[in-house]
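Here's the structure we're looking at; comments come further down.
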Amino acid sequence: MQAEDATLTLQQWLSPSFPLGAFAYSHGLEGAVDMGLVHNEDTLRTWLSDLLHRGTGRCDAVWLREGYAAGEDTNAVRRLDEEARAFAITHSRLQESVRQGAAFARTLREVWRLDIPDLILPLAVGAGARRRGYDLELLVPLYLHAFVSNLVAATQRLLPIGQTAGQRVLVSLQSDCRAVAQATEKTGRSALYSNTFLSDIASMRQESLKTRIFQS
């Protein structure tokens, strides 16, 4: 497969139009908005940067790399999936990754004829990319950028943050996506940690909101 085709396919996999149901999840941002922790462009940028460097973004990059390394071995990726699920802090976070991962794997089976089992999302993406022979170092920052892009879109449904402001946030996070991708290239499991405690609390709070827009 030509490099241009691989790049276009990765963009397709990580596009908002890919049938994951990603629009239904805020990754706890709804709880953060309710708590007043995220209330404008600057606080959103800081929140997402912290998630990338010290929270889910970093961990997802590690699991994506692990899924890529084990991608040819179905039993190995299933064992990784069991381990990765144990790292989920809240029920809604777990369901977010499980449901999106299952939707991703199902589409790969039906469209690309890849025998990928249902896995959490980063493992499914990594395993699929390995079986297609795609460039991992291209994939990781693209995955992280798609992660924060979805959260910017979610925040725009919760706060009066316009499209231009949202694009400013995404541009400012490009270097963060690259930095986290590079930081996890050789660290392996030692990079599996999270210090984003307010994000975890916001996710728990979101689960019990009387009225809410998002599933997580």
Side-chain angles (χ1 to χ4, degrees), residues 10-11 13-64 87-101 103-104 120-122 124-125 139-181 184 194-207 209 212-216:
L10 288 178
Q11 288 181 320
W13 285 6
L14 300 172
S15 165
S17 67
F18 205 81
L20 300 183
F23 59 85
Y25 305 99
S26 77
H27 203 69
L29 262 167
E30 188 167 13
V33 169
D34 183 72
M35 296 165 70
L37 299 173
V38 175
H39 52 83
N40 58 21
E41 181 180 340
D42 289 338
T43 53
L44 174 61
R45 181 186 296 108
T46 300
W47 187 271
L48 295 180
S49 179
D50 284 345
L51 280 180
L52 285 170
H53 287 280
R54 289 171 282 278
T56 307
R58 170 180 288 271
C59 292
D60 273 10
V62 174
W63 289 122
L64 193 156
F87 278 80
I89 298 296
T90 65
H91 174 73
S92 62
R93 286 268 179 89
L94 176 60
Q95 291 303 307
E96 175 184 331
S97 193
V98 167
R99 290 172 180 170
Q100 290 189 76
F104 183 88
I120 68 163
L121 183 59
V125 175
L139 170 60
V140 177
L142 287 176
Y143 177 96
L144 294 173
H145 193 267
F147 169 69
V148 292
S149 293
N150 186 64
L151 297 186
V152 167
T155 307
Q156 288 172 325
R157 294 164 64 185
L158 295 165
L159 290 173
I161 294 177
Q163 294 179 339
T164 301
Q167 293 306 305
R168 281 196 297 264
V169 170
L170 288 174
V171 168
S172 72
L173 292 172
Q174 287 181 1
S175 59
D176 297 83
C177 293
R178 289 193 298 269
V180 173
T184 58
S194 174
N195 295 328
T196 53
F197 303 118
L198 285 176
S199 176
D200 300 336
I201 293 169
S203 178
M204 297 173 193
R205 182 180 181 87
Q206 192 273 345
E207 293 180 351
L209 292 177
R212 58 184 184 177
I213 300 174
F214 298 98
Q215 294 184 35
S216 72

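These numbers come from a predicted model, not from an experiment. In this chain, residues are counted from 1 in sequence order. FYI, side chains are in, hydrogens and waters are out, and symmetry mates aren't considered; it's all heavy atoms of this structure.
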CD1-CZ distance between I89 and F197, expressed to the nearest 0.5 angstrom:
8.5 Å
Atom CG in L44, atom CG in L159: separation rounded to 0.5 Å?
8.0 Å
Nearest-0.5 Å distance that lies between atom OG1 in T155 and atom CG in N40
11.0 Å
Taking the side chain as every heavy atom from C-beta outward, state whether L37 and T43 have any pair of such atoms under 4.5 Å apart.
no
Can you find a heavy atom in the side chain of S97 that is under 4.5 Å from one in the side chain of P122?
yes
Sequence-distant partners of T90, side chain to side chain contact (heavy atoms under 4.5 Å, CB included), two or more places apart:
S92, R93, S203, M204, E207
Could you state the interatomic distance from CG (D34) to NE2 (H39), rounded to the nearest 0.5 Å?
13.5 Å
How are the rings of F18 and F104 set relative to one another: parallel (under 30°), tilted (30 to 60°) or perpendicular (over 60°)?
tilted
Name each donor-acceptor pair under 3.5 Å that joins a side chain in residues 54-63 to protein atoms two or more places apart or in another chain, with its distance.
from, atom 1, to, atom 2, distance (Å)
R54, NH2, D50, OD1, 2.5
T56, OG1, H27, NE2, 2.7
R58, NE, H53, O, 2.7
R58, NE, Y193, OH, 3.4
D60, OD2, Y143, OH, 3.0

Flag side-chain contact, heavy atom, 4.5 Å: P16 against N150:
no
Inter- and intrachain pairs under salt bridge (Lys or Arg N to Asp or Glu O under 4.0 Å), touching residues 162-177, at least two apart
E41-R168
Would a distance-only check, ignoring hydrogens and angles, find a side-chain to backbone donor-acceptor pair under 3.5 Å from Q156 to G162?
yes
Rounded to the nearest 0.5 Å, how far does CG of D42 lie from CD1 of I161?
9.5 Å
Please report the shortest heavy-atom distance between S172 and R45, naming the atom on each side.
OG-NE, 3.0 Å
Checking L170 now: which residues fulfil side chain to side chain contact (heavy atoms under 4.5 Å, CB included) with it, not counting sequence neighbours?
H145, V148, S149, V152, Q167
Flag side-chain contact, heavy atom, 4.5 Å: L51 against L151:
yes
Please confirm whether the backbone N or O of E30 pairs with a side-chain atom of R212, one donor and one acceptor, at under 3.5 Å?
no
Side chains of F214 and L158: closer than 4.5 Å at any heavy-atom pair?
yes
Just how far is it from atom CG of L142 to atom SG of C177, taken to the nearest 0.5 Å?
9.0 Å
Report yes or no: does Q100 contribute a side-chain atom to a donor-acceptor pair with the main-chain N or O of Y25 at less than 3.5 Å?
no
A202: side chain to side chain contact (heavy atoms under 4.5 Å, CB included) partners, not counting sequence neighbours
A32, M35, W47
Applied to residues 143-160, the salt bridge (Lys or Arg N to Asp or Glu O under 4.0 Å) test, sequence neighbours excluded, yields none
